[in-house]
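Because only heavy atoms are used, hydrogens play no part in the values below, and waters and symmetry mates are left out as well, while side chains stay in.
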Amino acid sequence: MEETLKPDAVESDTDSDVAEVTQPTKLIRIASMTRAMLDEARQAPLDEGGRKRMAEVHSRSVQELRDVLSPDLQEEFGEIMIPLNSEDASEAELRVAQAQLIGWLEGLFHGIQASLWSQQMSAQTQLAEMQKRALGAPRSSDTEDSSGLYL
C-alpha cells in the first residue's frame, strides 16, 4: 500500500485543504521518463517520426499524471500545462513542453520535501514539549516537602 504524500501541508493545517499525491512511485517514474526524454531531445535533432512519438509520450505522461494527483493539484496542473498539438508540434515546442512538465514536477517534489521536513520539525517540537512536561518543573528548596535536615 502506497502512502499518500501531501506536498502543500506546509501551507495548510487542515487536511481538507491539502493537495495530495496518491501514487508517489508512479509520479517518480513518470518524472524520470520525462527527464530522460528531454535529455534525448536536447542531444540530437528529431525527425518527423521522433517528434510525433515524443508528442504522443508527452500527452500520455500528462494524462497519467492527472490520474495520480488530487483535485487541487489537477486544477493547478491544468492551469499551467498548455495542451500540446501533437500533429504539428515543432521540435522547439516539444522541448519547451517537456521542460515545463519537468519544472512543474520538480516544484511538486520540492513541495513534498518541504512538507516532510515541516512535519518532522513539528513532530520533534511536540516530542520536546512532551519530554519537558514529563520531567516537570524543577523543585525549589523552599517547598514544604523538604525535611529541613542537613547532611
Side-chain angles (χ1 to χ4, degrees), residues 1-140:
M1 183 172 150
E2 295 188 23
E3 184 179 333
T4 300
L5 296 177
K6 301 175 181 180
D8 292 335
V10 173
E11 299 171 13
S12 172
D13 292 334
T14 61
D15 283 341
S16 62
D17 294 339
V18 175
E20 297 178 349
V21 175
T22 58
Q23 298 177 23
T25 56
K26 184 175 183 177
L27 178 73
I28 291 169
R29 286 190 304 270
I30 292 169
S32 296
M33 179 193 67
T34 304
R35 164 122 2 244
M37 283 178 45
L38 181 59
D39 290 343
E40 282 297 319
R42 287 180 181 156
Q43 296 299 320
L46 296 173
D47 61 4
E48 184 179 336
R51 285 193 311 271
K52 213 178 229 186
R53 176 74 174 161
M54 190 170 184
E56 289 171 6
V57 172
H58 177 80
S59 274
R60 181 70 187 263
S61 298
V62 167
Q63 185 54 45
E64 290 293 325
L65 282 172
R66 291 182 199 279
D67 294 344
V68 300
L69 301 174
S70 69
D72 290 345
L73 285 174
Q74 286 178 13
E75 182 180 337
E76 176 186 324
F77 189 67
E79 290 171 0
I80 292 173
M81 293 303 297
I82 299 168
L84 183 65
N85 185 355
S86 60
E87 295 166 6
D88 62 351
S90 70
E91 189 174 331
E93 288 175 313
L94 288 169
R95 287 181 183 174
V96 168
Q98 289 295 99
Q100 180 185 24
L101 181 56
I102 289 292
W104 190 85
L105 288 168
E106 286 178 354
L108 181 64
F109 292 145
H110 288 296
I112 291 170
Q113 288 174 335
S115 175
L116 293 173
W117 182 82
S118 174
Q119 290 171 3
Q120 183 180 15
M121 292 297 105
S122 177
Q124 286 179 354
T125 301
Q126 289 174 351
L127 179 61
E129 185 64 33
M130 288 171 40
Q131 288 173 337
K132 189 187 289 185
R133 288 181 189 161
L135 293 175
R139 296 172 60 173
S140 69

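In terms of heavy-atom proximity, Val62 sits nearest to Met81 at CG2-CE, 4.4 Å. Across His58 and Leu84, no two heavy atoms sit closer than the pair CD2-CD2, 3.6 Å.
Residues Leu116 and Gln113 have side chains not in contact (no heavy-atom distance under 4.5 Å, counting atoms from C-beta outward). In this structure, Ser118 and Met121 have side chains that are not in contact, with every pair of non-hydrogen atoms separated by 4.5 Å or more. The side-chain heavy atoms of Ile28 and Phe109, taken from C-beta on, include a pair separated by under 4.5 Å. For the pair Leu65 and Leu101, the minimum side-chain heavy-atom distance is below 4.5 Å. Contact check for Met54 versus Glu40: no side-chain heavy atoms found under the 4.5 Å cut-off.
For Glu129, the salt bridge (charged side-chain N to carboxylate O under 4.0 Å, His left out) test picks out Arg133, with sequence neighbours left out. Not counting sequence neighbours, the partners of Glu64 by the side chain to side chain donor-acceptor pair (under 3.5 Å) test are Lys26, Arg60. Among residues two or more places apart in sequence or in another chain, the side chain to side chain donor-acceptor pair (under 3.5 Å) test is passed with Arg53 by none.
Interatomic distance, CG of Leu38 versus CG of Leu94, reported as 10.5 Å (0.5 Å rounding). Within the model, atoms CG of Leu127 and OG of Ser122 stand 11.0 Å from one another, a figure rounded to the nearest 0.5 Å. Taken to the nearest 0.5 Å, the OG1 atom of Thr34 stands 12.0 Å off from the CD atom of Gln100. The CD1 atom of Ile112 sits 6.0 Å away from atom CG of Leu27, with the distance rounded to the nearest 0.5 Å. Annotation: the span from Met33 atom CE to Met37 atom CE amounts to 6.0 Å, rounded to 0.5 Å. Here CD of Glu48 is found 10.5 Å from CG of Asp88. Values are rounded to the nearest 0.5 Å.
Checking side-chain atoms of Ser61 against main-chain N and O of Val57 turns up a donor-acceptor pair under 3.5 Å. Using modelled atom types, one side-chain atom of Glu93 and one backbone atom of Ser90 make a donor-acceptor pair closer than 3.5 Å.
No option in Gln74, Glu76, Gln23 other than Gln74 meets the side-chain contact (heavy atoms from CB on, under 4.5 Å) test with Leu69.
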Using salt bridge (charged side-chain N to carboxylate O under 4.0 Å, His left out), reason through Glu56 and Lys52 one step at a time and then give a plain yes or no.
CA-CA 6 Å; Glu56 289 171 6; Lys52 213 178 229 186; over 6 Å; no
Run the side chain to side chain contact (heavy atoms under 4.5 Å, CB included) test on Ser32 and Arg29 for me, step by step, so that the C-alpha distance in whole Å, both residues' side-chain angles and the decisive distance to 0.1 Å come before the verdict.
CA-CA 5 Å; Ser32 296; Arg29 286 190 304 270; 5.8 Å; no
Begin with the C-alpha distance, continue with both residues' side-chain angles, and end with the deciding distance and a verdict on side chain to side chain contact (heavy atoms under 4.5 Å, CB included) for Leu73 and Glu20.
CA-CA 7 Å; Leu73 285 174; Glu20 297 178 349; over 6 Å; no
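Under a cut-off of 6.0 angstrom, the local environment of CD1 in Ile82 is sparse, with at most 12 non-hydrogen atoms contributed by other residues, nucleotides or ligands.
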